[in-house]
Every structure is written in structure tokens, then in C-alpha cells.
Peer 1: 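Can you read through this structure? Questions will come right after.
Each ligand, and each atom within it, is numbered from 1 in the order the structure gives. In this chain, numbering begins with 1 at the start of the sequence shown. Keep in mind it's a predicted model, so treat the numbers as computed, not measured. Values below: all heavy atoms of this structure, side chains included; hydrogens, waters and symmetry mates excluded.
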Amino acid sequence: MNTIIEPFRIKMTEPIRLTTREQRIERLEKARYNVFYLDAEDCIIDLLTDSGTGAMSSNQWAALMLGDESYAGSRSWKKFEKTVKSITGFKHIFPTHQGRAAEGILAQALLKKGDVVPNNSHFDTTRANIEFVGANAVDLLCQECYRTQESLPFKGNMDLKKLEICIRDNGSQRIPFAMITITNNTGGGQPVSLENIKAVKEILNKHDIPLIIDACRFAENAFFIREREPSYENMPLLDIAGEIFSFADAATMSCKKDGLVNIGGFLACNDDRWAEKFRNLLILREGFPTYGGLAGRDLEAIAVGLMEALEYDYQVYRHATVRYMGKKLESLQIPFVKPVGGHAVFLDALAFLPHISTDRYPGIGLVNSLYIEGGIRSVELGSVMFGKTDKNGREIPAPLELVRLAFPRRVYTQSHFDYVLEVIEEVWKNRKDIRGYRISYQPEFLRHFTCHFVPE
Ligand code: F0G
């Protein structure tokens, strides 16, 4: 069937302001050609991120009203703790205001200068938190991920050989923990198999290195495992999630993704000594351990949202939407990362715009054209976000020039995505006219958020 039945009805609507092409050209110029500076109201379809942009269910809104705002030991905390424990099995749970707060506490508590943290791919905030305390964040992603046109089931897997070499070269004493990000956001939203998680854990066990899961999109990853990994095809997603976490010693979580809320996160672990350190930092930075960085009502909404994300029908719908986009793009022969990820479609900007060299940022050319053509806001994951500079100040391009169209959860319907496809098709037809950009201003760190561009 071609029609996606969204497994919900819409009770409340939020208006979308329609703009003309002329207005969008003007807004983009004012925004220095960086879509992060645009007013959200000027975006017809906002696919900048799937983080905190989802719609809550009626059950979550109802749960908000049950929020117990007591400073210590609230009823809402008990519900939150019970739910997170029932999914992850971890002994100690610490609520944080979002994922990067959990990462910050983890890094400050366990890392020191010169330490090394392997991951399949670090998200930029994870990397920044690790580097901020002087440690090195190392990406050990499998080679297949760099072959964007090859459709393989688990392109988020960690490369086991690279992991062994990393441990051999650095020594286990310098690796206080390793991480796995599920799904692997920066590598195309690709899933990690349970087989890979198990194998990583076995290698780490040999060297007494704990494993920490970046669990932002754990439910989407569990769905991929159920669909693609032998012997999991009939398993409830809750059980698959339980198995994933059983191989981990701790987890960081941004509930803004698979917690189906607009704000929230947590850090969880088994080790009592780690817990002691986390608790002390949590009190210092976020709040008392039974609310962390959150209101009681947020804890309530997360407790409901985490379980809703593990509902099979919800995940079927979620993945159907992303796949629908992939199928249509394929039929139009528009280049994108294959297979589609769990939370986003990643267009291959280099293949889309081969006439723009990497130092003129094809990703930005594509992002800005999608905005001008149809008011769609996307994000570049290429040389602007991940490019480095060598000793002579010359830019080293990123391995891939991608443009991410991230799907907010339960927000847009199939007709919105049909519109997005029409816009992409129009941009594709006129791709030869798209120009590159130069950077006219950039800050020292995380330049993609605030740099200014000038069209060529
Ligand atoms: N880890 C991963 C894999 C993420 O994708 C993100 C956020 C974080 C950690 C940090 O969580 O935002 O709650 O502090 N990703 C968002 C994105 C921002 O657009 O992909 P946070």
C-alpha cells in the first residue's frame, strides 16, 4: 500500500505560515545564507532536526497535569525511574535536562587529559564534551558506511578491527570507557546490530573497558534489529531494547528523540562508584537527583513517551515515512545515502552538485536551494560542520558532503512529505544553476551554527 496511515488523529493544529519565493530569498540573504539564523516561522516545513521537535500524545499531555513538583522524592520521579529501569535495567538513573548534560557529567566524572574514547561516531556535543576535558574522541565506524550507494542492513556498526587496534595503540588504561551510538546519527542514522554490540562488548571485556550507549534513538534502532537481524523478528521492541542495554555499563540519553518529548534526558549506570560521582556533579549542575534538570511534569511526559516510542505500530509508521521518501527519491534517481536511516534522509550533496567543489560547500548550496524553492529547512552535515584545517590553515574536507532532512516525530503527514519531494525534484531539475558559497565569518568552534556565507 502506498498510503501511510498515521496511527493518530490530530486534535490540535499549529498553523504553518506560507511564504513566497521572493520573501524567502530576502529572508535567506538577511540570515547570511545560514539557515540557523532563519526565524522558524519563515520555514514551511522545518526538517532541521528531529530533536525536541516532536508532537506529544494526548496521554503525555494528560500526564503533564499529574506532575508532582516536590523538590525531593516526587511521585513523578518514581514513575520516571521505574520506567527507565524497566527499559534499560540500569541500577542508577539520573535525570538531566537533555542529552549533552548527561554527556558533560560523564566526561567530567570519568575522563582526564590524554584519555581516549572510541565510538562508532561521536555526535558533535559528545565529541565536544570529551574534548573539553582534554580527552580524544575517536570514530571507528565500519568502512561500508562511507559507500553511500550500498544498501546494507547495519551501516552504523563499529569496526571491530579498528577497535582492537585503537586499544592496542593507546593501551586500555587510557580508555576509561568506549561508546556506541544507536542509531548512528552523523553516519546517516544507520542502525547498529545486536551482534555488533555483543562483539564490541566481548573485545572491551578482555581489556576491562566499560561500554556506554548513546541511546538517543534506541527504539528506532530496536525496530531495525527486529526487521533485519535473524532471530529477533517477533520480539517485542521492549525486549530488544532490554537486550541492547544488557551489554552496556551505562547510557546517555536525549529524551528529545525517542523519549518523544520536547526537553529531557538521563544518564544511567550500574556501578556504585560511578553513580556517586555522577550524583555529585548532577547536584552541582542540574539539580537534586530526583529531578535533575527537569520539572516533575517533564518526568511524567518522558515516562509515557519512552513507552510509546517502543510501540510497534508507531515504529512501523515512523519508518514507513522515511522509507517512502527514500523510495520516491530512488525512482527520481536523486542521490541519497542508502538505505535510509531511522530518523532522517541524507541527500548526497556531492553527487547532487558535482560542479561545486568541497571548498565551496555543495551541502550549503543544496540546503539553501531547498529553502528558496519550497521553504524547507534542512541541515548540512559536510565540510562546514565536520571540516578540519591543517597546519597551514588549509581546509581538509569532511569524508562526506550530506544534507540531512530530519523528521520530527508525529508532526508532518504524508502530504507534507509529498510536498517536500516535489520541492526536491524541482531543485534537482535546476541543479546546474546552483552555486557554491564562501564563508565570510566564522567562530572558533562549532562554526556551522553561526558562520556567515556569501554566494559565489
Ligand atoms: N547524541 C546524539 C546521537 C544526538 O543526535 C544528539 C542530539 C545528542 C547526543 C545530544 O542530545 O541535543 O539532547 O543535548 N542531536 C540533535 C540533532 C541535536 O539534531 O541530531 P541533546
Peer 1: Under the rule for ring-ring contact (aromatic ring centres under 6.0 Å, His included), what residues qualify as partners of F218, not counting sequence neighbours?
Peer 2: F245
Peer 1: Which pairs with one or both residues in residues 299-326 pass ring-ring contact (aromatic ring centres under 6.0 Å, His included), sequence neighbours excluded?
Peer 2: F8-Y317, F223-Y312, F223-H319, F224-H319
Peer 1: Could you check whether D42 pairs with R17 (Lys NZ or Arg NE/NH1/NH2 to Asp/Glu carboxylate O, under 4.0 Å)?
Peer 2: yes
Peer 1: Say whether K257 and S254, considering side chains only, have a donor N or O and an acceptor N or O under 3.5 Å apart.
Peer 2: yes
Peer 1: With a 4.0 Å heavy-atom cut-off, what residues sit around ligand 1?
Peer 2: T49, S51, Q98, G99, R100, E103, F123, T125, T181, N185, D214, C216, R217, S254, K256, K257, R404
Peer 1: State which residues pass ring-ring contact (aromatic ring centres under 6.0 Å, His included) with Y371; sequence neighbours excluded, sorted by chain then number.
Peer 2: none
Peer 1: Under 4.0 Å between a side-chain nitrogen and a carboxylate oxygen: does that hold for E81 and K85?
Peer 2: yes
